[in-house]
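Here's the structure we're looking at; comments come further down.
Quick note on labels: first sequence line is chain A, next is B, and so on, each numbered from 1.
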Amino acid sequence: MSDKNDEKKVTPRSQDFAAWYNDVILRAELADYSPVRGCIVFRPDGFAIWEALRDELDRRIKKTGARNAYFPLFIPESFLRKEAQHVEGFAPEVAVVTHGGGKELEEPLIVRPTSETIINYMFAQWIHSHRDLPLMINQWCNVVRWEMRTRLFLRTAEFLWQEGHTAHAAREEAERETLTMLEVYRGFVEDFLAIPLVVGRKSAAERFPGAEETYTIEGLMGDARALQCGTSHFLGQNFARAFDIRFLDETNQMQHPWQTSWGVSTRLLGALIMVHGDDQGLRLPPTVAPTQVVIVPIWRKPAEAEAVLAAARSARDQLEQAAVRVRLDEREGLTPGFKFNDWEMRGVPVRIEIGPRDVASGEAVMARRDRKGPEAKQKAPLAELATRIVALLEEVRASLYRQALEWKTANTRQFDDYEAFRRQMAGEGGGGMADIYWCGNAACEARIREETRATCRAIPLNQSVPAGRCLICGESASERAIFAKAY
RNA sequence: CGGGGCGUGGCGCAGACUGGUAGCGCACACGCUUGGGGUGCGUGUGGUCGCCGGUUCAAAUCCGGCCGCCCCGACCA
């Protein structure tokens, strides 16, 4: 009896987080495994989330002045070698094309793991004068990184992303751009995806290969592990030098421009799932939900069906006119209870139930996915449904953010005792975020990593903390850092 | 690449020790039933048992080789 029921359910999140994560993705039909190891197939619901996310972020990026362009998938192998740190960082994971048209290529081509090199090659040809600056380009594309271990959305051999690349006349301008985009990401992820973040600088060890400074937004997943959700890099003049990008400034001096790059990827879908999901399955913020509202009609006798369906269809039309992504579940042979569970598993933010009793009273039941039990349900007059739903969707979004923030706050701890920190990180799964004084020394960072498997996720910006002592070596430390076990 | 495990209808598994008609649950199709929290019953579709070879009257089962996948470690948005 209960066995039979279990087969219909996803593995409870509380029982096995990793199994739950895979279950939810496959059962909610967001994605599927591909015949190629490490690659992922985006199914329509998964891709619709990506599209919603992409469209909104695209708007926000364009608002900053960047424009979209597209560069080739293939890059001459020699390009990668031009920047020392860059090649060191990416060489182990690039896919290389050696043959084309039945012949061995004179120079192998790499499949882009990121586009710094080819974009900077083009920048060198487009930038001659300070009047050509700033040059701000964004690209939506796929990239390939041959990972040893992959996980759906979080780390796949091929993934979709957005990469911005900018060149500026002055160092300060590029530094400002790096932080501007970091703030665009923060606002986007916190407001639109309802995921609370830690915003900060990366340690030298965690820095992007070729960058002078890397900034990050870090989220805390439902298993108390951290996930890097986006990065913004200040590249200095490293790539400008490597690719000989030069311009004449106002005083007729030859200069290398100062550059940035920044990106977020389909990994954000993994973050959405792991931050908001629960034992029943997905919980999607209405902003990205492919279906924001599902209407489940309920009736007993054929005579009732007609009136119920008429009311349900009218509700659907009303919501469509209010630009709500609504779906009426008219499938036959399935009980309402089954449909409730099915749509909850798929993360639909709000469900509307319309039955004979509602038709009689001119109301409908609205059930919100972010809450459980009777308090999740409320009635609304059919005549006011659209306005009530629009308001409720916004409430759900805000509520999901609040819940995620509570979790993050509850799992962020300050430590001034290394042993206590170690105990917190011990065992399987995450240990939350540890907020500690760190002297900045790589040796201390390495020791933490070895002994606790936690890594430096971010050194938060704009700290105004009194000077303290490094948790590891006891030397003086002027900043606190967030360490956590991460994906 | 090191350690562990697994390959049997779409999914999850049993059968293997002791060779003899390939089975169960879910899913799927159809019908009836049911319907305000995963209805119930019936009928039915679907499998070269990962691949190659060997032993045998007979191999999912025994033997040899190969391939693939998953989990754990070293790299990472």
Determine the contact category for A:T216: base if any of its heavy atoms lies under 4.0 Å from a base atom, sugar-phosphate if only primed atoms, P, OP1 or OP2 are that close, otherwise nothing. nothing
From the list B:G37, B:C75, B:G36, which nucleotide is the closest neighbour of the side chain of A:E344? B:G37
Determine, using ring centers only, whether A:W438 and A:F483 are less than 6.0 Å apart. yes
Using the C1' atoms only, state how far B:C26 lies from B:G9, rounded to an integer number of Å. 12 Å
Rounded to the nearest angstrom, tell me the gap between atom CG in A:N142 and atom P in B:A77. 18 Å
Roughly how far apart, to the nearest Å, are B:C67 and B:G50 at atom C1'? 7 Å
Between CD of A:E206 and C1' of B:C75 the distance, given in whole Å, is 12 Å
Taking atom P in both B:G64 and B:A22, compute the distance separating them and give it to the nearest angstrom. 26 Å
Under 6.0 Å between ring centres, would you say that holds for A:F42 and A:F153? yes
Pair assignment for B:G37, Watson-Crick or G-U wobble, requiring both distances under 3.5 Å: none
With a 3.5 Å limit on both atom pairs, tell me what B:A58 is paired to, counting Watson-Crick and G-U wobble, or say none. none
Can A:F159 be classed as stacking with the base of B:A77, given a centroid separation cut-off of 5.5 Å and a plane angle cut-off of 30°? yes
Considering Watson-Crick and G-U wobble pairs with both distances under 3.5 Å, what does B:U21 pair with? none
Does A:R327 CZ have over 12 foreign heavy atoms under 6.0 Å away? no
Here the distance between atom P of B:A29 and atom CD of A:E332, to the nearest Å, is 13 Å
Counting heavy atoms from C-beta on, name the nucleotide in B:G38, B:A74, B:G36 closest to the side chain of A:F338. B:G38
Using the P atom on both, measure B:A60 against B:G23 and round to a whole Å. 13 Å
Does a side-chain N or O of A:R351 approach OP1 or OP2 of B:G37 to a distance below 4.0 Å, or not? no
Of the candidates B:A77, B:G36, B:G38, the side chain of A:S265 sits closest to B:A77
In whole Å, I'd like the distance from the CG atom of A:N341 to the P atom of B:G37. 10 Å
Rounded to whole angstrom, note down the P distance from B:C66 over to B:C71. 24 Å
Roughly, in whole Å, what's the span from CG in A:L152 to C1' in B:C70? 13 Å
Give the nucleotide from the list B:G35, B:A77, B:G37 with an atom nearest to the side chain of A:R145. B:A77
At less than 4.0 Å, is any side-chain N or O atom of A:R300 found next to OP1 or OP2 of B:G35? Yes or no. yes
Any sub-3.5 Å donor-acceptor pair from A:R225's side-chain atoms to A:Y487's backbone N or O? no
When you get a sec, tell me which of B:G37, B:G36, B:A77 is the closest nucleotide to the side chain of A:D358? B:G36
Touch class at under 4.0 angstrom, heavy-atom based, for A:Q228 against every strand present: sugar-phosphate
Scan A:V143 against the nucleic acid and name what it touches under 4.0 Å (heavy atoms): base, sugar-phosphate only, or nothing. nothing
Measure the acute angle between the ring planes of A:F239 and A:F243, then classify it against the limits of 30° and 60° as parallel, tilted or perpendicular. parallel
Pick base, sugar-phosphate or nothing for A:G355, based on heavy-atom distances below 4.0 Å to the nucleic acid. base
Please state the C1' separation for the pair B:U33 and B:G42 - nearest whole angstrom. 11 Å
Given atom CG of A:L334 and atom P of B:C28, what is their separation to the nearest angstrom? 8 Å
Remember a base hit wins even if backbone is also touched, and classify A:R112 as base, sugar-phosphate or nothing at under 4.0 Å, heavy atoms. nothing
Looking only at the side chains, is there a donor atom on one of A:T231 and A:T214 sitting less than 3.5 Å from an acceptor on the other? no
Rounded interatomic separation in angstrom, taking NZ from A:K202 and C1' from B:A77: 10 Å
If you measure from the P atom in B:U21 to the same atom in B:A59, how many Å do you get, rounded? 12 Å
Heavy atoms under 4.0 Å, any strand shown: does A:K372 hit a base, just sugar-phosphate, or nothing? nothing
Assess the side chains of A:E88 and A:H86: does a donor N or O sit below 3.5 Å from an acceptor N or O? no
Considering only heavy atoms and no angle criterion, is a donor-acceptor pair shorter than 3.5 Å present between the side chain of A:D342 and the base of B:G38? no
Of the listed nucleotides (B:G36, B:G37, B:G35), which one gets closest to any side-chain atom of A:K377? B:G37
Pairwise P distance, B:U56 and B:G47 [rounded to whole Å]: 32 Å
Rounded distance in Å - CD (A:E158) to C1' (B:A77): 14 Å
Under a plain distance cut-off of 3.5 Å, with no hydrogens placed, do A:S314 and A:Q318 share a side-chain donor-acceptor pair? no
Please tell me which of the listed nucleotides, B:G35, B:A74, B:G38, lies nearest to the side chain of A:I298? B:G35
Could you pick out which residue, A:E147 or A:Y33, lies toward the 5' side of RNA chain B when each is mapped onto its nearest nucleotide? A:Y33
Mate of B:G42 across any strand shown (Watson-Crick or G-U wobble, both atom pairs under 3.5 Å) is B:C30
Counting any heavy atom closer than 4.0 Å, what does A:L227 reach on the DNA or RNA strands: base, sugar-phosphate only, or nothing? nothing
